[in-house]
Amino acid sequence: MGDFLPYGRQSINEEDIAAVTEVLRGDWLTTGPAVSRFEADLEELTEGGGAVAVTSGTAALHVAYAAAGIGAGDEVVTSPMTFVATASTAALLGAKVVFADVEPETGNLDPAAARAAVTERTRVVAAVDYAGHPAELDELRTVAGSSGALLLEDAAHSIGGSWRGRPVGSLADLTTFSFFATKNLTTAEGGAVVTRSADLLRRARQFRNHGLVRDRTDQRYPDEGGWHQEVHAFGLNYRLPDVLCALGSAQLRKLAAFKRRREQLHARYDKGLADVAEVRTPVTREGADVMWHLYALRVLDGQRGPLYDHLRALGIGVQVNYIPVYWHPVFEDLGYRRGLCPNAERFYAQQLSLPLFPELTDAEADRVVDAVRSFFGY
Ligand SMILES: *Cc1c(COP(=O)(O)O)cnc(C)c1O
């Protein structure tokens with residue numbers, strides 16, 4: 001039976017450990033130079049205007065919506081095929097979350113469904129790069145623009161990928177990343193917001209740091225004294241410490257290698273399962289250079305649940321990503337009903353994530369393929 005295979009796992013080497021211990025021996029544990037360095041590294045990778053490192057992908061979404069000025073009475077159009085944080089952070093700011101259905105094959109927000117969902121109250125259209133595959137960002141930009149809304153890209157799965165030759169992080173008004181342990185690169189917990197708008201960047205930086213205004217030219221009472229700082233709008237402490245930013249910069253240096261290994265494994269699964277009639281392997285759209293975060297298999301004929309149990313019993317840590325967000329009781333209690341987004345519900349019913357991480361060996365991937373094949377009698 002062998003060891004338990006997780007569905008995702010970090011890759012940490014001596015270079016990462018050295019980067020962290022160097023910070024621990026230095027003067028700045030937080031608010032120091034490793035933060036600016038990590039942000040500069042992210043800006044280089046994404047060809048974006050500015051990056052704001054924060055404590056999680058959830059914090060990044062909260063910061064991004066706050067920077068967009070989301071509040072009570074505003075609407076945010078988003079995909080139900082995502083982790084709950086894409087929606088809950090907007091709801092916490094008082095917005096009404098409007099779920100639009102996904103494309104049946106990629107699981108990404110369907111531009112036509114998003115177009116039908118926007119109203120004059122829509123302030124943000126939030127796409128999710130499901131499994132790492134970029135959403136239809138050009139069409140979604142047009143949809144968002146048609147109602148004067150901003151386009152947000154939840155790129156928790158897709159850092160390092162690109163769409164029509166442009167890197168993730170350069171495509172939307174606001175892009176958010178997660179550096180949780182199972183994501184494409186990790187700072188244990190962490191995240192970032194990237195934006196090309198100087199105004200959104202300033203607002204994001206302020207919300208991350210209690211809303212504090214330190215620049216005298218922006219202060220209401222600049223002559224108070226050298227110690228003076230002011231709060232003009234409420235914020236939080238979402239600062240990512242130097243200890244973790246140093247880890248992030250070290251991880252970024254390996255991102256291209258992580259991407260190549262994830263691609264190899266993804267292709268190995270595709271090949272090993274191509275002739276299994278009971279499953280569908282993931283699609284790649286023209287123009288997408290994908291950083292594969294998940295291997296999102298689809299299992300037909302109601303066999304997803306039994307296959308999940310079978311693989312788990314064999315020590316293979318499969319996952320389901322995701323339950324449609326509005327199925328969570330918190331949304332049900334707000335009046336959202338099952339049946340709202342049929343494509344997302346069908347996608348969920350068939351979806352199974354196979355183990356995928358850079359240190360997964362070919363032999364381990366083959367063990368997963370063999371287990372799926374033998375379940376269906378191949
Ligand atoms: C992981 C994830 C988040 C939240 O990130 P955390 O760092 O875990 O807070 C948000 N959206 C998506 C799509 C994610 O996968």
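Both counts, for ligands and for their atoms, begin at 1 and track the order of listing. The shown structure was predicted, so the numbers you read here are calculated from the model rather than taken from an experiment.
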Task: salt bridge (Lys or Arg N to Asp or Glu O under 4.0 Å) contacts in which one or both residues fall within residues 41-58, not counting sequence neighbours - done: none

Open item on the list: Between S56 and G190 (side chain of the first, backbone of the second, donor and acceptor by atom type, cut-off under 3.5 Å), is there such a pair?
Closed with: no

Task: Identified side-chain contact (heavy atoms from CB on, under 4.5 Å) partner of V128 from the options V102, L152, D154 - done: D154

Open item on the list: Assess whether a salt bridge exists between R37 and D242, defined as any Lys/Arg side-chain N lying under 4.0 Å from an Asp/Glu carboxylate O.
Closed with: no

Does ligand 1 have any N/O atom under 3.5 Å from a protein N/O, and what are those pairs and their distances?
from     : atom 1 : to   : atom 2 : distance (Å)
ligand 1 : 5 (O)  : S178 : OG     : 3.3
ligand 1 : 7 (O)  : G57  : N      : 2.7
ligand 1 : 7 (O)  : S178 : OG     : 2.7
ligand 1 : 9 (O)  : G57  : N      : 3.4
ligand 1 : 9 (O)  : T58  : N      : 2.9
ligand 1 : 9 (O)  : T58  : OG1    : 2.5
ligand 1 : 11 (N) : D154 : OD2    : 2.8
ligand 1 : 15 (O) : H157 : NE2    : 2.8
ligand 1 : 15 (O) : K183 : NZ     : 3.1
ligand 1 : 15 (O) : Y322 : OH     : 3.1

Open item on the list: Consider side-chain contact (heavy atoms from CB on, under 4.5 Å). Of L297, D366, V372, V368, which one does Y269 pass it with?
Closed with: V368

Task: Validation row: V290, E263 side chains within 4.5 angstrom (heavy atoms) - done: no

